[in-house]
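The next block holds one structure in the form of structure tokens; read it before the comments.
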Amino acid sequence: MNYYSPNPMSPLRVAIVTTFYPPCNFGGDGIYIRNFVQSLARRGCEVEVIYDADAWKVGVSALHPPPSPEPVPQPDGVTVHQLESRWPLGSTLLTQQAGRPVVQHKAIQAILAKGFDVIHFHNISLVGGPAVLALGEAIKLCTVHDHWLVCPNHILWRHDRELCVGRECFKCSLTFRRPPQAWRHTSLLEDNLAHLDALIALSQSVADRHREFGLKKDMLPMASFMPNADAQASSTALGSSHDRPYFLFVGRLQSFKGVQDAISCFDDDSPADLLIAGSGEFEPELRALAAGRKSVKFLGKIEQDKLRALYRDAVALIAPSLCYEVFPMVALEAFREGTPVIARNLGPYRQIVEESAGGILFDDEHGLRDAMTKLASDPALRDRLGASGRAALAERWTETKAIDDWLELVRSIAVKKGKEDTKRKIDALFAIESAS
């Protein structure tokens, strides 16, 4: 497929509204959105991104926000609008407290008034809160990348120590050092969700959690994906520099990621090592727990090429998260290299493992030890599960399938709402794709 396929008729115009977008992002949601944007452009859409650099600056340092990074080149078909103010903390705090784009309302409205067929919202927490959903006139979608709609602290991890099983939002927000939000006690969220034509969840688990915590609007599960250009396994020539079998953890080092439970399973008698790729505020505690355990190695942040080789040569990826993930890309990255996953039976991992037959689920430390023993002692089982994961990636979680599904969703809404011009544009995109 060509990287950019211009549409001979007027292109489908898509606006993306999000809090974070590379290079101003912290986690996987920004990377996902960039991949999605560029995938739409490759299919011939004209995409404009609106994001709030103030939120990123405050996330780096609330008292001393850094300057915005230099703009990065964008592929054909993509335009990026970076919102920022002279008072990043004040602008961000007003949005967080009011649930509205207090400072940037006019700027967002002016961009959306340029005329779009689709407005797709993503992480809206600090780009405008619920009220940003009312802006603009088009088919409107929203993909959730965390649990912010029902959790002020995004992750349903109560008091920074346990899964949330009941709302204690005021005290919990103070634990996370975030100001409680009065707007959550009003109808602001429900009133503005009514502007959406579809609310999208990247896994069934996300939809289930939102329903359990009282969200009334239905959610439509749509699969995550890996871009076509990234989906090929790494070259075997890269080689691993590690001289012992190892299991791999990849991610930010935070308490709710559960790395501490994995470390407890490794000692001097372990037949394999645990390699930990990543950094974060919980690293000192993890290093203290690992003190004296020669089989546990901290690698810090790893460049993507080297990380791919680490995935490929691992016995398995260990995903011990204690909180509800959305759809962790680390699972797809492992599957790409033919490596199985050992994941806690929580959140989306049951769906991922069941749909791929590419891993083993565990519930407790005994289950984790048993899964590691099985895969370390049975290379044929390890390779069989890894091959299943790789096949599932190629079938279920591809760029082509994800964008086809998205276009079909927009087309169905356009038909329902009588937007014939939008329908014709999408039909043209499918015709171009079929002919390529």
Side-chain angles (χ1 to χ4, degrees), residues 2-25 29-56 68-85 91 95 101 103-129 131-143 145 195-198 200 227 399 402-403 406-407 409-411 413-414 419 421-426 428-429 432:
N2 293 331
Y3 253 68
Y4 179 62
S5 301
N7 193 336
M9 66 181 294
S10 177
L12 187 75
R13 285 180 43 77
V14 182
I16 302 293
V17 183
T18 181
T19 297
F20 301 113
Y21 193 77
C24 296
N25 72 290
D29 60 334
I31 302 301
Y32 172 93
I33 297 165
R34 182 187 64 190
N35 290 341
F36 176 68
V37 165
Q38 295 183 2
S39 297
L40 289 177
R42 285 192 285 273
R43 289 292 287 267
C45 300
E46 188 175 282
V47 189
E48 298 195 26
V49 180
I50 305 169
Y51 81 94
D52 196 319
D54 282 350
W56 174 80
S68 297
E70 290 294 322
V72 298
Q74 299 298 325
D76 291 341
V78 177
T79 302
V80 175
H81 303 276
Q82 177 179 286
L83 305 178
E84 54 187 332
S85 69
S91 175
T95 299
V103 174
Q104 299 293 357
H105 181 280
K106 290 183 179 180
I108 297 172
Q109 184 73 289
I111 296 169
L112 294 181
K114 292 163 61 177
F116 292 93
D117 300 291
V118 185
I119 302 174
H120 194 151
F121 301 92
H122 286 267
N123 178 347
I124 62 170
S125 60
L126 296 177
V127 74
V132 78
L133 300 175
L135 302 185
E137 297 294 333
I139 290 173
K140 291 186 179 181
L141 314 175
C142 181
T143 296
H145 293 268
H195 292 284
L196 295 175
D197 294 294
I200 298 169
E399 173 183 330
I403 301 305
W406 186 87
L407 289 171
L409 171 63
V410 175
R411 187 184 186 281
I413 295 170
K419 293 182 175 289
D421 188 51
T422 299
K423 174 185 173 297
R424 283 195 296 270
K425 290 178 181 181
I426 294 175
L429 290 175
I432 293 170

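Keep in mind that what you see is a predicted model, and the values were worked out from it rather than measured.
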* To do: Before giving the answer on side chain to side chain contact (heavy atoms under 4.5 Å, CB included), spell out for L112 and I50 the whole-Å C-alpha distance, their side-chain angles and the decisive distance to 0.1 Å.
  => CA-CA 9 Å; L112 294 181; I50 305 169; 3.9 Å; yes
* **Full working for side chain to side chain contact (heavy atoms under 4.5 Å, CB included) between H81 and Y51** => CA-CA 7 Å; H81 303 276; Y51 81 94; over 6 Å; no
* **L409 and I200: CA distance, side-chain angles, deciding distance, side chain to side chain contact (heavy atoms under 4.5 Å, CB included) verdict** => CA-CA 11 Å; L409 171 63; I200 298 169; 3.9 Å; yes
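Side-chain contact check for I413 versus L141: some heavy-atom pair is nearer than 4.5 Å. Contact of the L12 side chain with the I426 side chain is registered, since non-hydrogen atoms from C-beta on lie closer than 4.5 Å. The shortest side-chain heavy-atom distance between S68 and Q82 falls under the 4.5 Å cut-off.
Evaluation of the side-chain hydrogen bond (donor to acceptor under 3.5 Å, both in side chains) rule for Y21 yields no partner, not counting sequence neighbours.
In terms of heavy-atom proximity, G30 sits nearest to P22 at O-CD, 3.3 Å. Taking each heavy atom of P227 and E399 in turn, the nearest pair found is CA-OE1, 3.4 Å. Scanning both residues, A41 and V47, for their nearest heavy atoms gives N-CG2, 4.2 Å. The shortest heavy-atom contact between G129 and T95 is N-CG2, 3.9 Å. Heavy atoms only, all atoms of each residue included: F36 and I16 are closest at CE2-CD1, 3.9 Å. When all heavy atoms of D52 and D54 are compared, the closest pair comes out as OD1-N, 2.8 Å.
Between the CG atom of L40 and the CD atom of E46 there is a distance of 12.0 Å, given to the nearest 0.5 Å. Put simply, NZ on K140 and CG on L135 are 6.5 Å apart, with the number rounded to the nearest 0.5 Å. For the atom pair OG (S39) and CD1 (I403), the distance works out to 4.5 Å, reported to the nearest 0.5 Å. Taking OG of S91 as the reference point, atom CG of L83 lies at 8.5 Å (rounded to 0.5 Å).
Of the possible polar contacts, one joining the Q74 side chain to the V72 backbone as a donor-acceptor pair under 3.5 Å is found. A donor-acceptor pair is defined here as one N or O able to donate and one able to accept, closer than 3.5 Å; no such pair exists between the side chain of K419 and the backbone of A138.
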Side-chain atoms of residues 115-127: list all donor-acceptor pairs with protein atoms under 3.5 Å, sequence neighbours left out, distances to 0.1 Å.
residue, atom, partner, partner atom, Å
D117, OD1, T422, OG1, 3.4
D117, OD1, K425, NZ, 3.2
D117, OD2, R13, N, 2.7
D117, OD2, K425, NZ, 3.0
H120, ND1, W406, NE1, 3.0
H120, NE2, T143, OG1, 2.8
H122, ND1, H145, NE2, 2.9
N123, OD1, S125, N, 3.2
N123, OD1, S125, OG, 2.9
N123, ND2, D29, OD2, 3.3

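More than 12 heavy atoms of other shown residues, nucleotides or ligands fall within 6.0 angstrom of atom NZ in K114.
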